[in-house]
Amino acid sequence: MLTVLTVLTVRWAFLARRLGFYLAAAAAAIGLNFLLPRLMPGDPSSAIVEELERVSGQQVPAETLLSIRAIFGNPHANLAQQFADYLRQLSHGDLGVSVVNFPVPVADLVWQALPWTLLLVGTTTVTAFAIGTLLGVVAGWKAGSRLDAILTPFTTFLSSVPYFWVALLALWVFGFVLGWTPLSGGYDADLPQGFSLAYAGSVLHHGVLPAATIVFSAFGGWLLGMRNMTVTTVREDYVLLAQAKGLSPRRVMFRYAARNAMLPSFTGFAMALGGVVGGALLTEIVFSYPGIGYLLYEALQKRDYPMMQGVFLLITLAVLLANLVADLAYVLLDPRIRARG
Amino acid sequence: MSVLTVEGLTVEYVTGDRPVRACDDVSFELRRGEILGVAGESGSGKSTLITALTRLQRPPAVTTAGRIEFHGTDLVGLAPDQLRKLRWTSLAIVLQSAMDALNPVMRVGAQFVDVLRTHDKTLNSKAAWARAAELLGMVGISADRVRAYPHELSGGMRQRASIALALACGPELVVMDEPTTAVDVVMQRQILAQVLRLRKELGFAVVFVTHDLSLLLELADRIAIMYGGRIVEIGTAESLYTKPRHPYTRGLRDSFPPLRSELRTLTGIPGSPPDLRDPPPGCAFHPRCPDRFDGCDQQRPGLVTIEDHAVACRLYPSGDDQS
Amino acid sequence: MLKSWKVRIGLSILTFFVLLAVFGPVVGGDPRANDIQAISQAPSFQHLFGTTQFGQDVLAQTIAGARGSMLVGILAAVIGTLIAILVGVPAGYFGGAVDNGLNFLTNLFLVMPVLPLILIVAGYVQGTGPFVIALIIGLFGWSGGARTLRAQALSLSSRDFVLAMRMVGEPHRRLIFCEVLPHLTGWISAMFLHGMIGGVMAEAGLAFLGITDSGSISWGTMIQAAQQQSAVLRGLWWWFVPPGLCIALIGTAATLVNFGVDEVSNPKLRMARRSVVVRTRKVAEA
Amino acid sequence: MSQPVLEARAVSKHFAAGRSTVRAVEDATLALLPGRIVALVGESGSGKTTLARLLARFYAPTSGEIRLHGEAVQGKPREYYRAVQLIFQDPFGSLNPLHRVRYNLERAVKLHHAVRSKADLDEKVVELIERVSLAESYLDKFPHELSGGQRQRVVIARALAVEPKVLLGDEPISMLDVSIRLEMLNLLERLRAEDGLALLYITHDIASARYLCDDIVVMYAGRMVEGGPKEDVIADPLHPYTQLLIDSSPDPERGDRNNLFDAEDLGEPPSLIDPPSGCRFHPRCPVAMDICRTQAPPRTELTDGRWTHCWLQEKK
């Protein structure tokens with residue numbers, strides 16, 4: 001831990017610059033979120049209020065009205081005043097009220113959906129990266145071999161398949177034809193939610209197909225990138241020297257070739273991790289999986305603007321946070337970053 | 001006694017429509033503790049020779065003929081496992097740029113430790129790190145730099161570190177590929193002084209490959225001159241300098257302006273080095289040769305030993321001309 | 001470049017689909033014609049790819065969908081590539097304050113989650129025909145390309161030949177267009193292909209989400225219609241398999257072309273080709 | 001003695017590297033005269049390339065001034081490049097691989113001469129290529145069809161199209177094959193004689209400097225340490241660094257092979273971020289005195305146009 005700390009302090013200049021960027025990006029995201037409804041023709045906040053009143057059949061409370069105005073625009077205040085209101089609203093974690101699920105606050109719905117997405121997309125992203133990278137190293141190391149000659153074109157095809165379509169196919173084959181997996185949802189609705197074995201089992205049962213399709217359609221991209229980087233790295237002098245040293249092929253492959261070839265891939269991985277939250281939007285929709293993606297889909301279908309805005313803001317901030325964490329990790333992985341930074 | 005005997009070594013690149021022969025029928029012998037200089041320009045085949053000698057070549061390079069006999073074992077046909085045992089304990093290499101030759105994400109010491117422990121299973125980690133520091137000390141790098149990353153060392157230090165690395169397992173033969181091209185003359189002299197001192201202490205032989213003949217004339221015991229993939233002349237440094245027989249050797253020697261003796265206009269060797277993809281027929285040097293005569297563009301001369309050195313030129317005829 | 005089988009296959013597939021998009025509707029029949037005699041039928045001689053729940057011919061729809069999807073893909077790629085060039089090249093070439101501004105913009109778009117962003121914007125913009133969809137996809141999909149071009153232009157602009165031509169007196173305009181840009185054509189074409197697959201996929205995704213105008217026919221709207229009508233749960237696989245396969249084919253083709261281009265520009269990759277490896281082994285064993 | 005065409009007066013260049021400063025060139029003064037060749041000799045990191053690039057106006061000096069025809073230069077470098085041209089080290093990098101030889105020469109001619117017709121342009125281009133001893137047939141070749149030496153000739157021809165007064169050669173032969181280097185130096189020598197060019201020859205190889213130049217200037221760690229007529233400097237170096245440089249250079253004539261390589265370990269050249277106080281050579285200097293550690297030695301002018309920055313000479 002101590003070495004980690006010293007490394008980080010030494011390289012603080014690089015990180016400080018990145019942190020500055022992410023703060024600016026976060027500000028931009030919030031600004032965008034603020035501006036979008038205000039740039040649109042008409043008056044979204046009035047429309048939302050009307051919609052709310054229509055759905056609930058009662059007058060919208062004054063408090064809710066203020067909150068909606070703060071988020072979606074107040075025709076009676078100037079832009080600066082609106083922005084101040086908007087920020088105050090956000091700082092309380094208030095993302096507005098869902099139109100469809102009135103009067104449940106958007107934030108609550110988001111918090112409910114988040115764990116599902118994190119579980120599904122988080123694990124699959126890591127798995128796909130691990131499988132793809134490992135196979136990519138092997139294919140690149142044995143470039144031109146039969147394994148490489150088969151694996152590489154095949155994954156080229158895989159990585160070009162739209163993943164929601166793979167999801168549809170999988171659902172049809174495994175859910176419909178074979179009947180091995182449930183057709184929708186993230187858990188068995190008949191079971192009580194909680195930490196019971198049966199419940200966990202149902203979560204697993206519902207999750208396995210979406211997870212498999214995500215891994216299946218995502219690992220090819222990692223494989224291809226890693227293969228080409230490995231082929232390039234294998235021809236570096238330090239790999240040649242490692243072979244000249246008589247080290248075992250395994251050691252040369254992993255500690256010398258793969259370790260360096262991974263660095264660019266890792267940046268991509270960071271981005272993918274950031275994308276986890278917004279992640280496999282379409283896959284979630286195909287499987288009606290109760291995650292963030294599905295939430296956004298429902299919001300879009302029903303033009304639930306508060307929900308759309310809230311989910312989008314959350315996704316953006318998550319991406320930024322993940323990128324920042326990735327930068328931190330990168331500093332540890334590549335000792336040269338200090339020299340460059 | 002000879003450490004290394006190379007006989008008829010031929011290396012081809014099998015890209016394109018026809019193979020490109022980068023090393024053609026190369027033969028030489030290296031004695032214990034000797035420094036053999038190999039001098040050549042671009043396209044001479046000297047880099048190909050290095051990877052072939054050390055069995056580090058990759059597709060599309062292939063050794064198509066010849067033997068590399070190292071203590072009675074032919075390296076060309078050796079199984080990978082057998083070869084791996086010989087590596088570094090008997091045969092080590094120093095590459096041109098230490099910046100590229102050291103793994104950028106591993107500490108310098110760790111790159112010593114892994115090779116030390118691979119070849120000596122009894123060595124524990126602590127002892128290996130201590131030995132790494134000791135080896136660095138041998139080339140004048142302080143022990144605390146053992147935990148540095150390559151980019152944290154200066155160019156000169158990195159180059160010394162890779163020389164120390166080459167000596168880690170006490171090899172009998174070190175192949176050096178332009179080990180001082182990346183450093184300046186002052187540093188070059190200091191590094192070479194160290195190499196000579198260490199050779200005296202440890203007794204390893206060196207194949208020193210470079211384009212800088214003037215340096216070899218001072219450093220090497222014997223020198224092989226390569227041109228167009230073949231050795232055109234080989235002999236002691238002294239005799240090559242005072243009595244170069246091959247017109248190319250003479251031209252190359254006279255391509256280095258003198259530092260002290262009186263200046264006169266020198267011309268180097270007009271023309272360009274041969275393109276190995278499309279080599280000239282006969283003697284590869286004939287298009288640039290000031291002394292060429294009838295038949296040089298058809299017959300390729302073989303090496304002929306005259307007094308103290310061997311030369312491949314039709315000015316020095318022998319019976320075994322190849323056409 | 002055409003020596004590489006990857007490039008050849010990739011280009012053939014792409015050409016096929018472009019031709020299909022241009023001439024398809026002439027030969028493919030009416031995709032909207034309802035054959036009430038044949039509803040939800042599996043592939044047969046009459047309907048090679050089967051029919052939809054509305055009795056529409058899937059083959060005719062797939063062919064018509066090529067136009068819809070390719071149009072959006074190509075249009076989005078043109079817009080995205082243009083923006084990438086306009087942002088990336090000046091940033092890399094001029095450096096300094098120009099770079100600081102443009103690079104910040106690029107990084108911003110790079111970390112923004114593109115698909116959700118497109119969804120939100122498309123959600124606000126009502127009535128989204130193919131042009132609007134292509135515009136939105138292009139507007140949000142240029143940042144990766146711009147980053148690559150910036151890095152390339154940066155390294156090119158400090159290359160000796162650019163400096164040398166500057167010393168000879170070439171104005172910036174010519175330096176950019178005659179010295180720097182020609183070296184980027186490989187990157188730009190790769191980027192364009194990449195943008196095209198991205199566009200086709202994004203369109204499919206958006207259509208699937210019901211964002212695009214469902215009146216227009218594309219592979220995305222086909223899959224969406226199939227999903228809407230629960231084609232999966234009813235086993236009508238012929239409805240959603242062909243459009244997805246087409247998208248996958250185009251994606252594969254573009255990746256193959258890029259792979260081949262990579263091999264041409266990176267000799268290390270070329271050395272790793274199977275033909276080289278096999279030939280080397282044969283010579284070594286001989 | 002004629003007036004210098006190009007001068008650097010007390011020029012310094014500092015680069016920002018993160019939060020630290022790299023002092024690449026410090027207080028360099030240099031004058032180039034028509035028809036004379038000055039060699040700037042130093043190791044990598046000595047600042048010789050930075051100085052060349054300052055003279056080529058790739059960046060502005062941190063302090064000091066560059067004077068062309070006796071006037072301090074300012075503003076856009078466009079006019080300046082009519083008088084000063086640079087030959088790059090790497091002939092593979094300084095020609096755009098996508099353009100034929102002809103394109104390079106034609107552009108240079110068009111930018112600097114009023115070309116009346118295609119025939120006129122062709123004539124000028126042929127004249128240029130012949131001046132660097134290449135046949136007219138080379139005009140329609142691409143750079144990759146040429147050898148290193150041929151490329152460097154094209155680069156020189158392109159620079160000559162401008163009809164410059166000064167040619168700066170940044171290690172113009174170091175990337176060429178040994179056997180063709182001398183031809184290139186002979187070409188530069190011929191151009192000096194024919195056109196009365198002022199030539200700055202930058203090199204790390206003191207022997208090639210001696211072959212080509214009239215005067216030698218030696219740089220170390222960003223500072224000039226010694227200068228003067230070449231034979232004087234090489235036969236009798238005044239600065240201990242010059243001495244070391246000459247002793248370290250390969251010289252087969254020396255003959256005494258046994259003692260050649262008992263060179264003392266003098267450690268590394270200094271960092272330019274935090275250079276040594278006083279004389280920058282003092283940590284490696286065998287004869288360093290107390291004053292060398294604290295004060296930078298001033299320029300000591302000696303007879304016959306020789307000068308040095310060394311306290312040993314200043315004290316005399």
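Computed from a predicted model, the values in this text were never measured in an experiment. All heavy atoms count here, side chains included; hydrogens, waters and symmetry mates do not. To find a chain, count down the sequence lines: A is the first, B the second, and so on, and within it residues start at 1.
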Enquirer: Testing the basics here: between D:L98 and C:P182, what is the closest heavy-atom pair and its distance to 0.1 Å?
Expert: CD1-CB, 3.4 Å
Enquirer: Short question: side chain of C:H183, backbone of D:P97 - any donor-acceptor pair under 3.5 Å?
Expert: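 No; zero donor-acceptor contacts below 3.5 Å.
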Enquirer: More than 12 foreign heavy atoms under 6.0 Å from CD of D:E136: is that the case here?
Expert: no
Enquirer: Give the minimum heavy-atom separation between C:A164 and D:R158, together with the two atoms involved.
Expert: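 For C:A164 and D:R158, the tightest heavy-atom pair comes out as CB-NH2, 3.1 Å.
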Enquirer: Got more than 12 heavy atoms from elsewhere within 6.0 Å of CZ, D:F142?
Expert: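 Yes, enclosed.
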Enquirer: With respect to chain C, which residue among D:F88, D:F92, D:Y103 yields the maximal number of heavy-atom pairs within a distance under 4.5 Å?
Expert: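 The candidate making the most pairs under 4.5 Å is D:F88.
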Enquirer: Let me know if C:R174 has heavy atoms under 4.5 Å from chain D in its side chain, its backbone, both or neither.
Expert: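 Side chain of C:R174 only, per the 4.5 Å heavy-atom cut-off to chain D.
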Enquirer: Using side-chain heavy atoms (C-beta onward) and a distance below 4.5 Å, is D:P77 in contact with C:M167?
Expert: no
Enquirer: Could you have a look at D:K110, D:R107, D:Q85, D:E79 and say which one has the most heavy-atom pairs with chain C under 4.5 angstrom?
Expert: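 The option with the most such pairs is D:R107.
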Enquirer: Is it the side chain or the backbone of D:L111 that comes within 4.5 Å of chain C heavy atoms, both, or neither?
Expert: side chain
Enquirer: Is there side-chain contact between C:R159 and D:N96, with heavy atoms separated by less than 4.5 Å?
Expert: no
Enquirer: Taking only heavy atoms into account, what residues of residues 143-155 of chain C are found under 4.5 Å from chain D?
Expert: none
Enquirer: Non-hydrogen contacts under 4.5 angstrom with chain C: give the residues of residues 42-59 of chain D involved, or none if there are none.
Expert: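 Listed by number: D:R53, D:A56, D:R57, D:F58.
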Enquirer: More than 12 heavy atoms of other residues, nucleotides or ligands under 6.0 Å from CD of D:E194: yes or no?
Expert: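 Atom CD in D:E194 is packed in, count exceeds 12.
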